[in-house]
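Letters go in sequence order (proteins before strands), and every chain restarts at 1. Not measured: the values here are computed from a predicted model.
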2 protein chains.
Amino acid sequence: MTETSRNSAHEGGQPGRIGIGLELDATHLKILEVLRENGRISVAALAERVGISRANAYTRFEALRADGAIKRFTAEIDHVRAGLGITALIFVTVRQQMWRQFRAQLAAMPEVEYCAITTGQHDAMIQVRVTDVAAVHTMVTDRLANIPAVKATETVFILDEVLRRPYVLPSDRGPGRSARRPAHDPADSPGSGGPAGGSGGARSSGGEVPLGMMRFVGAAEGRAQLQRDA
Amino acid sequence: MTETSRNSAHEGGQPGRIGIGLELDATHLKILEVLRENGRISVAALAERVGISRANAYTRFEALRADGAIKRFTAEIDHVRAGLGITALIFVTVRQQMWRQFRAQLAAMPEVEYCAITTGQHDAMIQVRVTDVAAVHTMVTDRLANIPAVKATETVFILDEVLRRPYVLPSDRGPGRSARRPAHDPADSPGSGGPAGGSGGARSSGGEVPLGMMRFVGAAEGRAQLQRDA
DNA sequence: GTTGAAATTAGTACGAA
DNA sequence: TTCGTACTAATTTCAAC
């Protein structure tokens, strides 16, 4: 229920159908644009803001929902007012072939708001919200340390959340640049084929990383099985 | 409009009033609980699910909105279906006394979905969503590198988003544990007073960090002025 | 894909407990 | 404060164009 979609996989929509199920046109994107800023707007008002008829808005709204382009509607809550003033990032190194266990344990931790599998030095990044700094320490040393799948952790505190956009859309880019494929020199790509298939040469540097350097690989050993493990 | 609230500051609610403006009781939390999972629920249905009258639900709903506990309602969008299949984290080291410029430049980058100021090796972490890997490279080398405030970057790709909860609430914890202050030994805190006032001793380690180690400081030089700079 | 009308539901205001 | 009810306004649905 709380699991998000895989980057490269579908999420239980129509079984057998992997790719896109709905071709999003400019109007669809416009609807998403309005909806991400005001998720409680009525469809009637939405139609007016987008510039289409109400019936059309209802049809498209329902299509976006059914297709999965809109996953859910949610309220953005002020964590500080809700009593969770401390936010931390915990970078986790996961023991190989224990991803499934790691995922299961994560689901049982209510203070975890976000978890992503990453390339680079660590294997996963989790964001937690707790009441005080001590709770972070408890979380890392007591709860995470007791998971066999967790090999090592590194914790960082979030001092300030500068920016949070309610989901980026390709239409955010100016009309001059293509949304599908921004203009660039095709020769200077660091690696083609996407990160999910990443298994290129190891370029792990120890100290300060110069501008633009990417940690593309380094902890990919246990990640190949990720696709079928969980 | 897209700026989120400071961890330790208010956000333009009632001027002069810093702390909490509304004491949240169990019913308020219950409302938030429902609303974060279904932001489009009608107040009538909300009242029924929470177990209060409609009039009461309207009053509390409005109070939560006015107080700022609910910041906004938004639609969760499937970035892959929207055409932004690549997600990356860029860790940025910011040149001292250039935070204001850094923040301003960030606002002009539509592909940035989230940016947080952190403790640890780097100063900020930004999450970007783009169409392909090449766009990440372009973003880092062309756009970020041209910001004088940016000293160094380190990029990591997100292979999978395992978990995303629509905002964690203190009520997520079981009823046995206190929401305000979880039971723990007060002596084993890594540092008291919260991370916002962080200026403790430097404990920066170079290689693999053992379990539970925290990068509490290390790049705090330019961060003290953060409170008044931007 | 659009417009317009009917049915339903949502939002407001009030007095009572 | 909270609840219940009645009133008003809006939204959603469904029809025909």
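The side chain of B/N56 sits closest to D/dC3 out of C/dG11, C/dA10, D/dC3. Taking every side-chain heavy atom of A/A44 into account, D/dT11 is the closest of C/dT2, D/dC3, D/dT11. Each of C/dA10, C/dG1, D/dT2 was ranked by its minimum atom distance to the side chain of A/R60; first place goes to C/dG1.
If you measure from atom CG of A/L46 to atom C1' of D/dT12, you get 14 Å, rounded to the nearest angstrom. When the P atom of C/dG11 is taken as reference, atom CD1 of A/I41 falls 14 Å away, rounded to whole Å. Rounded to a whole Å, the CD atom of B/E48 is 17 Å from the C1' atom of C/dG11. Rounded to an integer number of Å, the gap from CD1 of B/I52 to P of D/dG4 is 12 Å.
Distances shown here put every side-chain N or O of A/S53 at or beyond 4.0 Å from the OP1 or OP2 atom of C/dG1.
Using a 4.0 Å cut-off between charged side-chain N and carboxylate O, A/D78 and B/R72 make no salt bridge. The pair B/R164-B/E161 meets the salt-bridge criterion, with a side-chain N (NZ, NE, NH1 or NH2) lying under 4.0 Å from an Asp/Glu carboxylate O.
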Item to complete: Would you please test A/D172 and A/R36 for salt bridge (Lys or Arg N to Asp or Glu O under 4.0 Å) and show each step?
Response: CA-CA 12 Å; A/D172 287 329; A/R36 73 176 163 168; 2.7 Å; yes
Item to complete: Would you check, one step at a time, whether the test side chain to side chain contact (heavy atoms under 4.5 Å, CB included) holds for B/R129 with B/V136?
Response: CA-CA 8 Å; B/R129 300 214 188 260; B/V136 177; over 6 Å; no
Worksheet item: For A/L64 and A/L24, what are the C-alpha separation, side-chain angles and deciding distance, and is it a side chain to side chain contact (heavy atoms under 4.5 Å, CB included)?
Response: CA-CA 9 Å; A/L64 285 169; A/L24 301 178; 3.5 Å; yes
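In this structure, A/H79 and B/Y167 have side chains that are in contact, with non-hydrogen atoms separated by less than 4.5 Å.
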Atom pairs, protein N/O to nucleotides 12-17 of chain C N/O, distance under 3.5 Å:
none

